[in-house]
Amino acid sequence: MEKIARIVSMEFDSNQSKVESLAKFRSNINDLAAGIELSVVINTDENTMMAIQIWPDEATAHAFD
């Protein structure tokens, strides 16, 4: 089975906006990203972060878009 990996870079207007967005995603991950196998978020700066996502297949990854 082929896995799909994504690296996503995100920039926010403020640190508060970043914190709020991350909290919202964490509390709704099962609904927002159904089927995701792994999501790792790295804080890269005060207003930026990078996420590494692993999906079981292309169809599941595209459903998240």
Side-chain angles (χ1 to χ4, degrees):
M1 175 182 274
E2 186 173 321
K3 304 281 184 182
I4 300 295
R6 288 184 180 161
I7 298 175
V8 182
S9 178
M10 294 162 273
E11 185 172 350
F12 299 86
D13 294 332
S14 67
N15 183 265
Q16 183 64 29
S17 176
K18 179 178 91 170
V19 169
E20 289 171 1
S21 293
L22 188 55
K24 187 176 183 178
F25 181 75
R26 283 181 178 157
S27 67
N28 296 306
I29 192 168
N30 291 331
D31 296 328
L32 296 173
I36 196 168
E37 294 185 354
L38 176 71
S39 178
V40 177
V41 177
I42 300 112
N43 286 307
T44 53
D45 196 4
E46 185 176 320
N47 298 344
T48 61
M49 61 186 171
M50 178 179 69
I52 301 170
Q53 303 171 342
I54 305 295
W55 300 89
D57 53 54
E58 193 170 348
T60 307
H62 284 303
F64 178 65
D65 294 337

Exercise for the section: Could I get the full list of side chain to side chain donor-acceptor pair (under 3.5 Å) partners for Ser39, not counting sequence neighbours? Expected result: none

Handout entry: Set of side chain to side chain donor-acceptor pair (under 3.5 Å) partners for Thr44, sequence neighbours left out
Key = Thr48

Fill in the blank from the handout: Between the CD1 atom in Ile7 and the CD1 atom in Ile42, the distance rounded to the nearest 0.5 Å is 8.5 Å

Practice task
Sequence neighbours left out, what pairs pass salt bridge (Lys or Arg N to Asp or Glu O under 4.0 Å) with at least one residue falling in residues 5-21?
Solution key: Arg6-Asp65

Fill in the blank from the handout: In short, Pro56 meets Gly35 closest at the heavy-atom pair CD-O, 3.2 Å

Practice task
Name all pairs fulfilling the ring-ring contact (aromatic ring centres under 6.0 Å, His included) condition that reach into residues 16-55, sequence neighbours left out, sorted by first residue then second.
Solution key: Trp55-Phe64

Exercise for the section: Would you check if Thr60 and Ile4 make a side-chain contact, meaning some heavy-atom pair closer than 4.5 Å? Expected result: no

Handout entry: Residues in side-chain contact (heavy atoms from CB on, under 4.5 Å) contact with Leu38, at least two apart in sequence or another chain
Key = Val40, Ile54

Problem - Any residue meeting side-chain contact (heavy atoms from CB on, under 4.5 Å) with Ser14, in chain and number order, not counting sequence neighbours - result: Gln16, Ser17

Practice task
Would you mind listing the cluster partners of Val41? Hydrophobic ones only (ILVMFWY), side-chain contacts under 4.5 Å, chaining allowed.
Solution key: Val8, Met10, Phe12, Leu22, Met49

